[in-house]
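What follows is a short report on a single structure.
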Number of protein chains: 2
Amino acid sequence: MTVTATDRTVREPARLTACKGPVLYPRPTGRDQYTISEVAEVTGLSAHTLRWYERIGLMPHVDRTHTGQRRFSNRDLDWLDLVTKLRLTGMPVADMVRYAELVREGAHTFPERERLLTAHREDVRQRIAELQSTLQVLDYKIDIYADARRASERV
Amino acid sequence: MTVTATDRTVREPARLTACKGPVLYPRPTGRDQYTISEVAEVTGLSAHTLRWYERIGLMPHVDRTHTGQRRFSNRDLDWLDLVTKLRLTGMPVADMVRYAELVREGAHTFPERERLLTAHREDVRQRIAELQSTLQVLDYKIDIYADARRASERV
DNA sequence: CGCTTGCTTGGAGTGCACTCCAAGTCTCTA
DNA sequence: TAGAGACTTGGAGTGCACTCCAAGCAAGCG
């Protein structure tokens, strides 16, 4: 049994610009075609992951050039924005795939989509509450160590 | 590639009682010896997981009966309480093992422990912020579906 | 005493979400 | 037009955190 230090290297998405409404990835104006590496850059996901998302049905159909290379659209970027946000909140990939299927099926799945997101919102709220309660424990513990440190410094 | 529905069956710990200070698992008074299955019941962790935690060094030394069976103490329960809280906040097991090592090494590791917990507190705060920002996106999306539903109901 | 139920171990297996590989094709710049 | 670097695929590999298995010992009950 070996437990090695976790590699916490997480690709950071390009910095977001503030605006009203949901914050999206910044985009060069007048463009609607992006290579996979440009999308990787802007979303913080790896090209591998983008291809994998497509394979498992988590992406709507992505355009291709005549030679088969992917060309992502602004709409794809919007979708990835939602997906990465849901992923950050710990929604399982399988649930996101389910949601993607519903989107593909059309407007008649609105009620089901609403249910899915509402249930997830409840999850997120609960997670926030959990985190906040742990924050208290952390504060409590840190105080103990800080007090000990101050006491020793006061010698 | 198959993506199956996630098994979300998560063992719930026995309900916590409200009190001032950190909330701990409820304990029968005057007892300081628990079998592994009792501890599993009270913490919500499986017996497998408890043995695994011990193997990887995430538990302080656990007492044994003369025949080798584990007998957990109230002190062990306190420790597991902290561990499960840290786990809920997504601290990697490797980091918790590191913290456990520091605890075993004695009081001279206080500063390092304080650093570790403080860094983690920062993580947790950031995660809360992330979740809250996603909550807004969720609200926004849900509103759209709810509006559509109300519009169709109003026919 | 036999039976059931619970505990022990090392090691193997699982599920998730990537992550990488090999070998070939395409695109861009000089 | 040559060469560097980016892109393609199916499939294999990785890391984490469990989760289970087999085979055997132990405790309590009728």
Side-chain angles (χ1 to χ4, degrees), chain A residues 1-11 13 33-59 61-72 76 80 83-98 100, chain B residues 1-11 13 33-59 61-72 76 80 83-98 100:
Chain A
M1 173 59 48
T2 36
V3 173
T4 53
T6 310
D7 178 5
R8 302 275 207 87
T9 311
V10 167
R11 213 176 299 246
Q33 298 256 94
Y34 308 88
T35 65
I36 197 164
S37 60
E38 285 169 337
V39 174
E41 171 85 8
V42 107
T43 61
L45 299 164
S46 74
H48 293 300
T49 301
L50 290 168
R51 291 193 198 101
W52 179 67
Y53 278 3
E54 194 179 347
R55 256 197 287 186
I56 64 174
L58 187 46
M59 285 299 295
H61 175 78
V62 176
D63 274 1
R64 302 288 183 127
T65 64
H66 68 107
T67 55
Q69 293 201 359
R70 290 173 184 80
R71 287 298 176 270
F72 292 78
D76 295 328
L80 283 169
V83 163
T84 52
K85 282 203 163 73
L86 292 178
R87 189 187 63 124
L88 271 180
T89 58
M91 182 184 274
V93 166
D95 289 10
M96 297 197 286
V97 170
R98 172 87 186 115
Chain B
M1 175 58 49
T2 35
V3 174
T4 53
T6 311
D7 178 5
R8 303 273 206 87
T9 313
V10 167
R11 214 176 296 248
Q33 298 256 95
Y34 308 88
T35 65
I36 198 164
S37 60
E38 285 168 336
V39 175
E41 170 85 11
V42 107
T43 60
L45 299 165
S46 72
H48 293 301
T49 302
L50 290 168
R51 290 193 198 100
W52 179 67
Y53 276 2
E54 194 179 347
R55 255 196 288 184
I56 64 173
L58 188 46
M59 285 298 296
H61 175 78
V62 176
D63 274 2
R64 302 290 182 126
T65 63
H66 68 107
T67 55
Q69 293 200 357
R70 289 174 185 80
R71 287 297 177 267
F72 292 78
D76 293 329
L80 284 168
V83 163
T84 52
K85 283 204 164 72
L86 292 178
R87 188 188 64 123
L88 271 180
T89 58
M91 183 186 274
V93 167
D95 288 12
M96 297 197 286
V97 170
R98 171 85 186 118

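Letters go in sequence order (proteins before strands), and every chain restarts at 1. Scope of the values below: all heavy atoms of this structure, side chains included, with no hydrogens, waters or symmetry mates. For clarity, every value in this text was computed on a predicted model and none was experimentally measured.
Taking every side-chain heavy atom of A/Arg70 into account, D/dT8 is the closest of D/dT8, C/dC20, D/dC18. With C/dG6, D/dT19, C/dC18 as the choices, the nucleotide that has an atom nearest any side-chain atom of B/Ser37 turns out to be C/dG6.
When each of B/Arg64 and A/Tyr53 is assigned the nucleotide of DNA chain C bearing its nearest heavy atom, the one mapping closer to the 5' terminus is B/Arg64. Each of B/His48 and A/Ile36 has a nearest nucleotide on DNA chain D; the 5'-most of these lies closest to A/Ile36.
Taking atom CD1 of B/Ile56 as the reference point, atom P of C/dG10 lies 14 Å away to the nearest angstrom. Between the CD atom of B/Glu54 and the P atom of C/dC7 there is a distance of 14 Å, rounded to whole Å. In this structure, A/Met91 places its CE atom 11 Å from P of C/dA17, rounding to the nearest Å. For the pair A/Arg55 CZ and C/dC18 P, the interatomic distance rounds to 13 Å; values are reported in whole Å. The distance between atom CD of B/Glu41 and atom P of C/dT5, rounded to the nearest whole Å, is 17 Å. Atom CZ of B/Arg87 and atom C1' of D/dC18 are 10 Å apart (whole Å). Distance, B/Leu88 CG to D/dC18 C1': 15 Å, rounded to whole Å. Rounded to whole Å, atom P of D/dC20 lies 14 Å from atom CG of B/Leu50.
Contacts of A/Thr84 classified as side-chain contact (heavy atoms from CB on, under 4.5 Å), with partners at least two apart in sequence or in another chain: A/Tyr25, A/Leu45. Looking at residues two or more places apart in sequence or on another chain, you find a side-chain contact (heavy atoms from CB on, under 4.5 Å) between B/Ser37 and B/Thr35. Applying the salt bridge (charged side-chain N to carboxylate O under 4.0 Å, His left out) criterion to A/Arg70, with sequence neighbours excluded, gives A/Glu54.
One finds the OH atom of B/Tyr34 at 10.0 Å from the CG atom of B/Asp76 (value rounded to the nearest 0.5 Å). B/Gln33 CD to B/Glu38 CD: the interatomic distance, rounded to the nearest 0.5 Å, is 10.0 Å.
If you run side chain to side chain contact (heavy atoms under 4.5 Å, CB included) between B/Leu58 and each of B/Val83, B/Thr49, B/Leu50, only B/Val83 comes through.
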| message | Please evaluate residues B/Arg64 and B/Gln69 with respect to the criterion side chain to side chain contact (heavy atoms under 4.5 Å, CB included), reporting the C-alpha separation (whole Å), side-chain torsions for both, the decisive distance (0.1 Å), and the verdict. | response | CA-CA 5 Å; B/Arg64 302 290 182 126; B/Gln69 293 200 357; over 6 Å; no

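Here B/Arg51 does not reach the OP1 or OP2 of C/dG11: none of its side-chain N or O atoms lies under 4.0 Å away.
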Give me the distances for all protein-to-nucleotides 24-30 of chain C N/O pairs that come in under 3.5 Å?
residue: C/dC26; atom: O3'; partner: A/Thr67; partner atom: OG1; Å: 3.2
residue: C/dT27; atom: OP1; partner: A/Thr67; partner atom: OG1; Å: 2.8

